[in-house]
Protein chains: 2
Amino acid sequence: MKKINYEKESEFLKAIAHPVRLKLIDMLLSDECCVTELTEILNLPQSTISQHLGILKKAGALYPYKSGVKTCYKVKDDKVTRIMEILK
Amino acid sequence: MKKINYEKESEFLKAIAHPVRLKLIDMLLSDECCVTELTEILNLPQSTISQHLGILKKAGALYPYKSGVKTCYKVKDDKVTRIMEILK
DNA sequence: CCTGAATATCGTATTATCGCGATATATAGA
DNA sequence: TCTATATATCGCGATAATACGATATTCAGG
């Protein structure tokens, strides 16, 4: 029975605990990928989306990869995916 | 494939996304129960503990029951328990 | 090596959260 | 009903999160 690191895990949960960020994760789980695309669909300023993606990346929920000029993000297939399952 | 209510679910995650609240949930999962007891173990002001418990209760993560003069809290056996499993 | 499209970072005003002492409420028992 | 114990709520200063325009960075193609 592993022990929970409360500080660390609460940081992680805080990172995903935002309506826009949950939606971003959900979109990335079903394949939308580049920042411009996400920005257009969510109809929010590009800087706002970029910041949210940065928070998720820093928390280890997403990772970016380059596709030409564009940057795409993918969901790290671990805790995030399982938590999204639970929220459904 | 159910749809996620991003507003609602992010509210829920935000409620549990706090080191003290995660610890409270963990303690309540392994049977500590009354507020005084929780307060002593965590060594924090009673008002602080009470507020955290209130937030968790409002989010539907805990529910209270009376045991004489004392109020005990129990973890609602649903999303919370499953998420705690994932965080371990 | 410019240009423009794509993305990240900065600055900052606004709003929300946190922590905690003080105070209120509830209730069991004398 | 008075008291003591248990818990909740209030008030508020301190801190952190949010949103977003402005600006900087990156890089492919001409």
Side-chain angles (χ1 to χ4, degrees), chain A residues 5-28 31-76, chain B residues 5-28 31-76:
Chain A
N5 181 333
Y6 303 111
E7 283 293 340
K8 197 164 146 290
E9 299 304 333
S10 65
E11 277 305 308
F12 168 73
L13 289 177
K14 203 156 41 166
I16 68 173
H18 185 288
V20 170
R21 295 199 286 271
L22 279 186
K23 175 125 202 219
L24 282 170
I25 292 170
D26 216 14
M27 290 168 81
L28 291 169
D31 261 0
E32 326 281 354
C33 91
C34 90
V35 180
T36 309
E37 205 177 341
L38 297 169
T39 299
E40 278 163 8
I41 295 172
L42 289 179
N43 196 32
L44 284 169
Q46 177 270 320
S47 65
T48 300
I49 297 296
S50 188
Q51 273 189 149
H52 284 306
L53 290 170
I55 288 167
L56 290 170
K57 183 179 110 187
K58 192 172 158 221
L62 304 180
Y63 62 92
Y65 62 93
K66 280 279 185 182
S67 164
V69 225
K70 306 194 171 182
T71 304
C72 299
Y73 282 87
K74 250 190 159 2
V75 175
K76 248 194 198 159
Chain B
N5 180 333
Y6 304 110
E7 282 293 341
K8 197 164 146 292
E9 299 303 334
S10 65
E11 279 305 308
F12 167 75
L13 288 177
K14 204 155 39 164
I16 68 173
H18 186 288
V20 170
R21 295 200 286 271
L22 279 187
K23 176 124 201 222
L24 282 169
I25 292 170
D26 216 14
M27 290 168 81
L28 291 169
D31 262 0
E32 326 281 354
C33 89
C34 89
V35 181
T36 309
E37 204 175 343
L38 297 169
T39 299
E40 278 163 8
I41 295 172
L42 289 179
N43 195 32
L44 284 170
Q46 177 270 322
S47 66
T48 300
I49 297 297
S50 188
Q51 272 189 149
H52 284 306
L53 290 170
I55 288 168
L56 290 171
K57 183 178 110 186
K58 191 172 159 218
L62 304 180
Y63 62 93
Y65 62 94
K66 280 281 184 181
S67 164
V69 224
K70 307 193 170 181
T71 303
C72 299
Y73 282 87
K74 249 189 161 357
V75 176
K76 248 194 199 161

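Chain letters run A, B, ... following the sequence lines, proteins first, then strands; residues in each count from 1.
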Value in whole Å for how far the C1' atom of C/dA5 lies from CD1 of A/Ile49: 18 Å
From the options C/dC18, D/dC10, C/dT9, select the nucleotide whose nearest atom is closest to the side chain of B/Gln51. D/dC10
Is there a side-chain contact between A/Thr48 and the phosphate of D/dC20, meaning an N or O under 4.0 Å from OP1 or OP2? yes
Could you check how far CD1 of A/Ile16 sits from P of D/dA17, rounded to whole Å? 15 Å
Sole candidate of A/Leu42, A/Leu62, A/Ile16, A/Val75 that passes side chain to side chain contact (heavy atoms under 4.5 Å, CB included) when paired with A/Leu24: A/Leu42
Pick base, sugar-phosphate or nothing for B/Thr71, based on heavy-atom distances below 4.0 Å to the nucleic acid. sugar-phosphate
Looking only at atom types and distance, does a side-chain atom of B/Ser10 sit under 3.5 Å from a main-chain N or O of B/Tyr6, one as donor and one as acceptor? yes
Take B/Val35 and A/Gly68, find for each the nucleotide of DNA chain D with the closest heavy atom, and name the residue whose nucleotide sits nearer the 5' end. B/Val35
Output the rounded distance in Å from CG (A/Leu53) to C1' (D/dC20). 15 Å
What nucleotide among C/dA6, C/dT9, D/dG21 has an atom nearest to a side-chain atom of A/Ser50? C/dT9
Rounded to the nearest angstrom, tell me the gap between atom CD1 in A/Ile55 and atom C1' in D/dA19. 11 Å
Write down the distance between OH (A/Tyr6) and C1' (C/dC18), rounded to a whole number of angstrom. 20 Å
Looking only at the side chain of A/Val69 (C-beta and beyond, no hydrogens), which of the listed nucleotides C/dT7, D/dT7, C/dA6 gets closest? C/dA6
Per B/His18 side chain, nearest of listed nucleotides D/dT7, C/dC18, D/dA28: C/dC18
Closer than 3.5 angstrom, by distance alone: can the side chain of B/Arg21 be matched with the main-chain N or O of B/Ala15 as a donor-acceptor pair? yes
Of the candidates C/dC20, D/dT18, D/dA19, the side chain of A/Arg21 sits closest to D/dT18
Take B/Thr48 and B/Val20 through the test side chain to side chain contact (heavy atoms under 4.5 Å, CB included) and record every step on the way to the result. CA-CA 10 Å; B/Thr48 300; B/Val20 170; 5.8 Å; no
Whole-Å distance between C/dT25 P and B/Gln46 CD? 15 Å
Does B/Lys70 put a side-chain nitrogen or oxygen below 4.0 Å from OP1 or OP2 of D/dT7? no
Under 4.0 angstrom, heavy atoms only, what part of the nucleic acid is A/Leu44 near: base, sugar-phosphate, or nothing? sugar-phosphate
Can you measure A/Lys58 atom NZ to D/dT18 atom P for me and round it to whole angstrom units? 12 Å
Of the options C/dA6, C/dT7, C/dA8, whose atoms approach the side-chain atoms of A/Tyr73 most closely? C/dA8
Measuring from B/Leu38:CG to B/Gln46:CD, what's the distance to the nearest 0.5 Å? 11.0 Å
Expressed in angstrom and rounded to an integer, what is the separation of B/His52 atom NE2 from D/dT9 atom C1'? 15 Å
Assess whether one donor atom and one acceptor atom, taken from the side chain of A/Ser47 and the base of D/dG21, lie less than 3.5 Å apart. yes
